[in-house]
Protein chains: 2
Amino acid sequence: MNKKRTTLKDLAKELGLAASTISRALDDHTGISQETKEKVLKKAEELGFTRNSIASSFRKSKTLTIGVIVPRIDIHFHSLVISGIEEYAYKSGYNVTIFQSRDSIKRESKITKILQNKMSEGVIICLGTETTSYEHFEKLNRMKIPLVFYDRVPTGFEANKIIINDYESAFKATEHLIEVGCKRIAHIGGSQSTGIFKARFEGYKAALVKHKFPMEKNLVHFTKDLSYEEGALVAKKLLALKSRPDGIFCSNDYTAVSAIQVFQKNMVKIPQEIAIVGFSNYPISKIIEPHLTTVNDRAFEMGMAAARLLIRQIEEEEDIIQTEIITIKTELLIRESSTR
Amino acid sequence: MNKKRTTLKDLAKELGLAASTISRALDDHTGISQETKEKVLKKAEELGFTRNSIASSFRKSKTLTIGVIVPRIDIHFHSLVISGIEEYAYKSGYNVTIFQSRDSIKRESKITKILQNKMSEGVIICLGTETTSYEHFEKLNRMKIPLVFYDRVPTGFEANKIIINDYESAFKATEHLIEVGCKRIAHIGGSQSTGIFKARFEGYKAALVKHKFPMEKNLVHFTKDLSYEEGALVAKKLLALKSRPDGIFCSNDYTAVSAIQVFQKNMVKIPQEIAIVGFSNYPISKIIEPHLTTVNDRAFEMGMAAARLLIRQIEEEEDIIQTEIITIKTELLIRESSTR
DNA sequence: AATTAATATGCAAACGTTTGCATAAAATTT
DNA sequence: AAATTTTATGCAAACGTTTGCATATTAATT
């Protein structure tokens, strides 16, 4: 019975050639005659031969595989990034192995060990919330395995990073509210210990400063994880104020959506009485009524950029250790929630 | 310089033992003394040795890797399934390599070749829309690589399948509308050439029959891909009817949500005047007002089940070729859109 | 004390490819 | 015709593990 798959040697025996010749013929090496190449190709087709890439990887110490570590795959942002990574990697002949850290530093660390053993040629990472030390990544660094971080990137750790300009995006979003005539703009922010949410708050502040608006303490609220529920709580607080805001810049779309709903239930008209801007362009932003003005963070493009950078570093000849920080352009998608 | 990573042989030399002994010690083999095991473990730690799993895979012809082919990763349903797959695989010591077919049969076919060469030990697949012949999968079958299909599964091709009972779920959803008092129930369906959408329509019909409701042709509308936009179009048609329906069973949540919005804009009260039920439990179903009653298709559990079945088949001793079809239980999540 | 059984370790081949170097044959130059 | 270059192919080692079998040592049984 045909127990085993055909190998180079089988092909060689069939054709009366050496295995090395077959290997080179399949690689379209110069130095192998056209005639032989054709014979080999034909026979390979006939016997259904395909290279055992594990053996090849082993011999060449090249796996053509990159690893991706994300907190969770089922978060839309990450699934978009992964989609971008897969797309670029596929076209470059690389495979993508995915891992979820589920925000556990322990699991994240174990995954880096697996990737090391499996000889991943590079790794793309979005840090979990628990991660504040980077020893496990330094280990990969020492093994000369290129790393690219995106979104939640390490601070105080030199590394390749793909980010968006959160500060500027927030600045523009807030300025947009000012431009449509808002006079008192509130902010629903995320945890200030997370870089990106801090930057969004700073951008918001800067826009107020530029336009000489006062910063009103009771218009700024930080949430733990920008959840739908927290957004509703904050919205209720804003609603209860003697003098309500007439615009809100939210650090994500979930809180923006729940705010819209809270106000609507209380007969506050959006955008007439309060204009709202979100962040991230979640699918829901195009569905909620009124459609939500939001910042398109171009997750797919982030993924593509991360893969491109990583693969470039993998294939680079010289290993002058260098890191790159790439900022992806965002765009403000103006929709009805802020159009007057 | 420490150019290369430490190998078993390095360890062996350091300890004055044979490589085989080291290998066995690290495997916690019986037949290696406790003393030696400890020595080896300590030295391994000291030199930062970890097995080269490529070499191991090569020697053992076991890669501990499974492949996943989905049309697109950024569709929420698939990202949830993948999340389930990764979760189960991780706990079983397997890695997950993902590929997007982007609904191209050509790409799907090329991916199967890659998986074959890379010695994936099994593959989980959701078919692309173009796929109607299964030769590329038969090839994997012949190589004894176990396959598990989910959601969009092949017809007329014996294979492992993870599905939900679309017929029964739709039946129950429709019956629920009847129970809350709906007398004339419409249906927004998907392409009837796709098995799952056909089954949902059949389930809807069966519930009407059971309760002796007439099937009204103008209350049933099929869309091309159950998009948000198509849902709105159908809703407008239903709205224009001289005698409107008082309940709608939609084959997914997007159409259900857009129907809700169309009716609300036209001052039709949901659920009082029209009760609505969707399908799939998308995140938006918990956000839209009123919250949408929908069928939880348990995507995460489908992923877990797919991985469990696949890994069982990979590890099974006997290769009596057999296929399994596993049906995942759905549940009807009753929310405000159908509560009177 | 001699035999047997149990325990611990080593030897060497194998997995399928790739690659530097050698060699043989053909083509070109002297 | 001899020497040189070019072209095409083969040889054999190597990559790092694993594993069946052999062997050496110690312990247990007669």
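None of these values were measured; they are calculated from a predicted model. Lettering of chains follows the sequences in order, A, B, ..., and the numbering in each one begins at 1.
- The bend of the helix from C:dA2-D:dT29 to C:dT30-D:dA1, defined by the angle between the axes of its first five and last five pairs, stands at 50° to the nearest 10°.
- Contacts of B:Ser56 with the nucleic acid, taken as non-hydrogen atoms under 4.0 Å apart, involve only primed sugar atoms and P, OP1 or OP2.
- With contacts defined as side-chain heavy-atom distances shorter than 4.5 Å, the pair A:Glu87/A:Phe300 qualifies.
- Looking only at side-chain heavy atoms (C-beta outward), B:Ile163 and B:Tyr150 stay at 4.5 Å or farther from each other.
- With a heavy-atom cut-off of 4.0 Å to chain B, the contacted part of DNA chain C has its first and last nucleotide at C:dA8 to C:dG16.
- Counting only heavy atoms from C-beta outward, the side chains of A:Val148 and A:Ile162 approach each other to under 4.5 Å.
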Determine, stepwise, if the pair A:Glu121 / A:Thr65 fulfils side chain to side chain donor-acceptor pair (under 3.5 Å). CA-CA 6 Å; A:Glu121 298 201 46; A:Thr65 297; over 6 Å; no
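- Geometrically, A:Arg107 engages B:Tyr90 in a cation-pi contact, judged by NZ or CZ lying under 6.0 Å from the ring centre and within 45° of the ring axis.
- Summary of the strand contacts: B:Glu35 and B:Phe58 both lie near DNA chain C, and taking for each the nucleotide with the nearest heavy atom, the more 5' one is attributed to B:Glu35.
- Across all strands shown, A:Arg24 has heavy atoms under 4.0 Å from base atoms, whether or not it also approaches the sugar-phosphate.
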Would B:Phe149 and B:Phe137 count as a ring-ring contact (aromatic ring centres under 6.0 Å, His included) if you check the C-alpha gap in whole Å, the side-chain angles of each, and the deciding distance to 0.1 Å? CA-CA 11 Å; B:Phe149 294 86; B:Phe137 294 119; 5.2 Å; yes
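- Among the candidates B:Arg72, B:His78, B:Gln100, the single residue satisfying the side chain to side chain donor-acceptor pair (under 3.5 Å) test with A:Ser83 is B:Gln100.
- Using a 4.0 Å heavy-atom criterion, one finds that A:Leu17 contacts the sugar-phosphate atoms exclusively.
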Chi angles and distances behind the side chain to side chain donor-acceptor pair (under 3.5 Å) call for B:Glu130, B:Ser104: CA-CA 6 Å; B:Glu130 283 185 1; B:Ser104 148; 4.7 Å; no
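- Using a 4.5 Å heavy-atom cutoff, the side chains of A:Phe99 and A:Ile114 are in contact.
- At a threshold of 4.0 angstrom between heavy atoms, the contacts of A:Thr36 are confined to the sugar-phosphate backbone, with no base atom among them.
- Rounded to whole angstrom, the span from the CG atom of A:Leu15 across to the P atom of D:dA8 amounts to 17 Å.
- Across the protein-nucleic acid pair, A:Lys37 atom NZ and D:dT9 atom C1' stand 13 Å apart, rounded to whole Å.
- For the pair A:Ala19 and B:Ile32, nearest-nucleotide mapping onto DNA chain C gives the more 5' position to B:Ile32.
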